Number of protein chains: 2
Amino acid sequence: MAPMKNASPVGDIQSAIRAAGARVTPARVRALAALRAASSPQTHAEIEETLAQEAHPAIDRVTLYRVLDWLCSAGLAHKAADARGVFRFSAAQPNVEHAGHVHFRCTGCGGVFCLKSPPPPAPALPRGFRLGGMALDIRGECPRCVRAHS
Amino acid sequence: MAPMKNASPVGDIQSAIRAAGARVTPARVRALAALRAASSPQTHAEIEETLAQEAHPAIDRVTLYRVLDWLCSAGLAHKAADARGVFRFSAAQPNVEHAGHVHFRCTGCGGVFCLKSPPPPAPALPRGFRLGGMALDIRGECPRCVRAHS
DNA sequence: ATTGCGGATGCAATTTTGTTGCATTAGTGC
DNA sequence: GCACTAATGCAACAAAATTGCATCCGCAAT
């Protein structure tokens, strides 16, 4: 099993959730704790199984989906599809500002890494086009997957 | 819709399939032709819809899955999960380099436009990371949708 | 503490995406 | 043309993710 190294104090988790302007519920606390304790990006099923072994009341499948999506929209987690096409969730590293830099997505494990590089300037658009948003998607393999793959 | 510029001669496709040591069937020819004509990696559903509009007998959903997987195992196509977790297929050995320009996706009509702008330089990666690909996804509205929307 | 509001949850049902089994069809070499 | 078998089509299945709605509970005002 994955070693549980980075267990966050419950207080940190609660204040992180509260700081995002939402209610502190068991589902959110436990899901975020599981994400932070995990040593690699987890699928919904893996998180569900982890939480099921916790001697607390089980969390509904759908609720877990919604909690995970909320964590992402709150900036507390990242969501990315792995090589099999299933979503993997990982805890966002605290103290990192997520505007103004680029994300690297590992196609092997689905992990998201923050690069120091600033985002590129928007290219010139032809007449009439209206710019909505821009996403520089860098894909590749993280060091661990590079080793495991060979 | 995306313009169909890069249609391969049917003979090329047939010999490519034959060279892979397999039978030349309508499903394989049409699927590979659709992939080569596409201006961006296509999902199974998109390819299916494209082929359905072709006034030929429809190709079964499962057959298309198997054909696409076969094209990949034969080295004629590539398969990769996109950000939504859906597999996208693209023709291998592209005569058209799709790494040499940027795509603009209209959030209104879903159309994809190829911009002339060169892609930004790849940011420096930390040690151990292997760069797989880079996609600058620009979203917004195309001129027609800008007019229709206001 | 009590109460009320609305966000959060649980449950059922549905959609989307992809796979497996098997009988039938059709491409290819002869 | 004929036979052999890869390839197809159909049905059923399975996994992953979403939607609708009634109920519950965190939390702030009282």
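By convention in this document, chain letters (A, B, ...) are assigned in the order of the sequence lines, proteins followed by strands, and residues within each chain are numbered from 1. Source: prediction; values computed, not measured.
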* **No-H, no-angle donor-acceptor pair, A:Arg66 side chain to C:dG10 base, under 3.5 Å** => yes

Separation of atom [atom1] in [X] from atom [atom2] in [N], rounded to whole Å:
{"X": "B:Leu71", "N": "D:dA7", "atom1": "CG", "atom2": "P", "result": "11 Å"}
{"X": "A:Asp82", "N": "D:dA15", "atom1": "CG", "atom2": "P", "result": "16 Å"}
{"X": "A:Lys79", "N": "D:dT18", "atom1": "NZ", "atom2": "P", "result": "5 Å"}
{"X": "A:Arg61", "N": "D:dT19", "atom1": "CZ", "atom2": "P", "result": "14 Å"}
{"X": "A:Leu51", "N": "C:dT9", "atom1": "CG", "atom2": "P", "result": "12 Å"}
{"X": "A:Asp60", "N": "D:dG20", "atom1": "CG", "atom2": "P", "result": "17 Å"}
{"X": "B:Glu49", "N": "C:dT16", "atom1": "CD", "atom2": "P", "result": "13 Å"}
{"X": "A:Tyr65", "N": "C:dC11", "atom1": "OH", "atom2": "C1'", "result": "16 Å"}

Counting side-chain heavy atoms from C-beta on, which of [options] comes nearest to [X]?
{"X": "B:Val86", "options": "D:dA17, D:dG9, C:dG18", "answer": "C:dG18"}
{"X": "B:Arg28", "options": "D:dA7, C:dT9, D:dT8", "answer": "D:dA7"}
{"X": "A:Arg23", "options": "C:dT9, C:dG7, D:dA17", "answer": "C:dG7"}

* Asked: If you look at every strand shown and take non-hydrogen atoms under 4.0 Å, does A:Val62 touch a base, only sugar-phosphate, or nothing?
  -> base

* To do: Mind checking A:Ala45 for me? I need base, sugar-phosphate or nothing, with any heavy atom below 4.0 Å counting as a touch.
  => nothing

* Structure fact -> In this structure, CG of B:Leu35 is separated from NE2 of B:His78 (nearest 0.5 Å) by 11.0 Å

* Taking only N and O in the side chain of A:Thr25, is any of them less than 4.0 Å away from OP1 or OP2 of C:dT9? -> yes

* To do: Tell me whether the OP1 or OP2 atom of C:dT28 has a side-chain N or O from B:Arg18 closer than 4.0 Å.
  => yes

* Structure fact -> The answer to which of B:Pro26 and A:Ala27 contacts DNA chain C further toward the 5' end, by nearest nucleotide, is A:Ala27

* Asked: When you match B:Val24 and B:Arg84 each to their closest nucleotide on DNA chain C, which lands nearer the 5' end?
  -> B:Arg84

* To do: Identify whether A:Trp70 and A:Leu51 are in the same connected component of the hydrophobic contact network (ILVMFWY, side-chain heavy atoms under 4.5 Å).
  => yes

* Asked: Within a strict 4.5 Å, meaning less than it, do heavy atoms of the B:Asp69 and B:Arg66 side chains meet?
  -> no

* Asked: Would a line drawn from the ring center of B:His44 to the ring center of B:Phe89 be shorter than 6.0 Å?
  -> no

* Asked: Is it true that B:Arg30 and B:Glu54 make a salt bridge, defined as a side-chain N closer than 4.0 Å to a carboxylate O?
  -> yes

